[in-house]
Every structure is written in structure tokens, then in C-alpha cells.
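For reference, the structure discussed in these notes is given below.
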Amino acid sequence: QMSPLQPHVLIIDEINRGNISRIFGELITLIEPSKRVGAAEVAEALSTTLPYSKKSFSVPDNLYLIGTMNTADKSLNHIDFAFRRRFSFFNLKPMLNETWAKWLQEHLEIEASLTVKIQSFVNNLNQQIEKKNGPAYMLGHSFFVPVNKIGDADQQMIWMQNVVENEIRPLLAEYWYDDLEQLEKIIF
């Protein structure tokens, strides 16, 4: 049961991975601000009857929907205009900054010197990627967040080298398929 006074957030990760029209169905209309039910009743507020329970369903005005998507993934479904009109779109560039580095140091006990190397490496690489392919292709933090804590500084350096060799290099080889010689200059 949602509190009518508190804001609530629903985050849908990679919202464009499925057929949005089929997934949302009638909900696409109900999420419009003018169709939501709230404390100050709106004349256009709508509800629908759920197919299985036969209960009435509406979207409250204190529910905020956030959908994330990776625009570089060409295999994803197209966002139709009806859906696009119901959301605001924000482009977020990866930021491997001091806050991120501090988090790695504190929570995963990654050596400070390694986080500085990672920051410098990725930020320089992202400048080249953005120039060649655009901001949607830039590398994010997920490459550099290990699942578990990693032992000492030597083991951490080996972990980073493995990430670069086995995850980043193959991805960049696709980006620079037409100029692998330039890729080698950029990475190393």
C-alpha cells in the first residue's frame, strides 16, 4: 500500500530491452500526469480494470517512473513516440571522478594509486571514444567495480590488467575495427 503523502519511485533498468508497447499496454495512458489519480482529483483521471483480478487500477500522482537505457546498444527496441512523449530524457556521461575513486577505496579497499590510474586511463580513453563514436559509447564505471574485495596492491593490478585485456580491449577493437593500429596507440 502506497502512502498518498510520500513520493514513491519505480526504477526500470534497461527499459528499452523489451517491446514497450506490449509491456506497458494500457498503462501507457495511465502514466500521463493528467490521467493520474491524486490528492487533488484531476477531471481527466483514469483507471482500468485489471484482466485477471478484475480490480480497478490507476496510477497515483506521487509515483515517479525512472527508466534507464543504454543508447549505444543497437539491438534494443526502438522507443515509440507515444512512450517518448511521457518521459523526459537525460543523457548521462560516465564520471569516474574523485567520489567514485573514494568509494572504491573505502568499500572495496582498492589502493588509492590504482584508482588514480584507472581514472586517468578511462578519462583519457573516453575522450578518444567520444571523438570517434560519440558519448553513448564511452566506458562507464561498471568495468571497474569488482564483485568482491581484491587482496593486496599486486593482485589489484592484475585484476585491472585482466579487465583491460579481456573486457575493454575487445570492446574497443569493435569501435576501432577500421584502424586497429590507432587503437594500440590509444590504449597503451
Side-chain angles (χ1 to χ4, degrees), residues 7-20 23-24 64-81 83-188:
H8 296 273
V9 177
L10 174 63
I11 300 173
I12 306 168
D13 191 26
E14 299 199 28
I15 196 167
N16 58 333
R17 280 219 170 256
N19 182 331
I20 293 171
I23 293 168
F24 276 80
Y64 296 89
L65 296 172
I66 298 173
T68 67
M69 64 178 71
N70 180 348
T71 56
D73 192 341
K74 298 300 181 199
S75 67
L76 300 179
N77 285 323
H78 176 70
I79 302 293
D80 69 18
F81 293 114
F83 191 78
R84 191 172 284 280
R85 283 193 311 267
R86 287 159 173 88
F87 284 86
S88 297
F89 285 75
F90 302 93
N91 290 322
L92 300 174
K93 287 184 179 182
M95 292 190 314
L96 278 70
N97 56 21
E98 286 73 33
T99 303
W100 170 82
K102 199 173 236 179
W103 183 87
L104 277 179
Q105 291 165 27
E106 291 173 7
H107 295 282
L108 296 172
E109 299 173 6
I110 301 294
E111 294 288 324
S113 62
L114 183 57
T115 61
V116 169
K117 286 179 186 175
I118 294 171
Q119 271 183 274
S120 176
F121 171 73
V122 175
N123 289 332
N124 290 333
L125 193 53
N126 275 342
Q127 288 176 357
Q128 298 297 319
I129 292 170
E130 185 174 26
K131 207 182 305 178
K132 179 168 178 49
N133 295 55
Y137 292 86
M138 293 168 65
L139 301 178
H141 68 280
S142 62
F143 286 104
F144 300 101
V145 179
V147 176
N148 300 309
K149 291 181 182 177
I150 302 169
D152 63 17
D154 290 336
Q155 291 171 323
Q156 292 175 14
M157 185 57 84
I158 291 168
W159 161 75
M160 183 185 164
Q161 289 168 343
N162 283 332
V163 168
V164 171
E165 276 303 309
N166 301 320
E167 296 177 42
I168 294 174
R169 183 186 287 271
L171 176 65
L172 297 178
E174 290 182 36
Y175 291 177
W176 269 273
Y177 70 91
D178 58 340
D179 193 356
L180 294 176
E181 192 174 298
Q182 179 65 25
L183 171 63
E184 291 305 315
K185 290 177 189 173
I186 290 168
I187 293 185
F188 300 100

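Heads up: numbering here begins at 1 and tracks the sequence.
- Sequence neighbours left out, not one pair with a member in residues 150-161 passes salt bridge (Lys or Arg N to Asp or Glu O under 4.0 Å).
- Nearest heavy-atom pair, Pro94 versus Gly140, reported as atom, atom and distance to 0.1 Å: CB-CA, 3.7 Å.
- Proximity of Phe24 to Ile12: side-chain heavy atoms (C-beta onward) are separated by under 4.5 Å at one or more points.
- Of the possible donor and acceptor atoms, one in the side chain of Gln156 sits under 3.5 Å from a partner among the backbone N and O of Ile150.
- Two residues are said to be in side-chain contact when any heavy atoms from C-beta on lie closer than 4.5 Å; Tyr137 and Leu172 fail this criterion.
- For Asp13, the side-chain contact (heavy atoms from CB on, under 4.5 Å) test picks out Thr68, with sequence neighbours left out.
- Side-chain atoms of Tyr175 do not come within 3.5 Å of backbone N or O of Lys132 as any donor-acceptor pair.
- For the atom pair Arg169 CZ and Leu171 CG, the distance stands at 12.5 Å (nearest 0.5 Å).
- Remark: Ser113 OG to Met157 CE distance equals 6.5 Å, nearest 0.5 Å.
- In this structure, Met69 CE and Arg17 CZ are separated by 11.5 Å, a value rounded to the nearest 0.5 Å.
- The number of heavy-atom neighbours closer than 6.0 Å to CG of Asn91, taken from other residues, nucleotides and ligands shown, is 12 or below.
- In this structure, Phe89 and Phe87 have perpendicular ring planes: the angle between them is above 60°, well past the 30° mark.
- Residues Pro146 and Val163 have side chains not in contact (no heavy-atom distance under 4.5 Å, counting atoms from C-beta outward).
- Sequence neighbours left out, not one pair with a member in residues 142-173 passes ring pair (Phe, Tyr, Trp, His ring centres under 6.0 Å).
- Two residues are said to be in side-chain contact when any heavy atoms from C-beta on lie closer than 4.5 Å; Trp103 and Leu108 meet this criterion.
- Side-chain contact between Leu96 and Thr115 is absent, with no heavy-atom pair separated by less than 4.5 Å.
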Problem - Evaluation steps, side chain to side chain contact (heavy atoms under 4.5 Å, CB included), between Val145 and Trp100 - result: CA-CA 10 Å; Val145 179; Trp100 170 82; 4.0 Å; yes
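- Every side chain to side chain donor-acceptor pair (under 3.5 Å) that Lys93 has, sequence neighbours left out, goes to Glu130.
- In terms of heavy-atom proximity, Gln155 sits nearest to Gly151 at OE1-CA, 2.8 Å.
- Summarising the geometry, atom CE belonging to Met138 is positioned 11.5 Å from atom CG belonging to Leu92; distances are rounded to the nearest 0.5 Å.
- Between the CD1 atom of Ile168 and the CD atom of Gln161 there is a distance of 12.0 Å, given to the nearest 0.5 Å.
- Among pairs with a residue in residues 96-122, those fulfilling salt bridge (Lys or Arg N to Asp or Glu O under 4.0 Å) read Glu109-Lys149, at least two apart in sequence or across chains.
- Residues passing the side-chain contact (heavy atoms from CB on, under 4.5 Å) test with Tyr64, sequence neighbours excluded: Pro7, Val9.
- Only one option out of Asn124, Ile118, Asn123, Leu125 pairs with Phe121 in a side-chain contact (heavy atoms from CB on, under 4.5 Å); it is Leu125.
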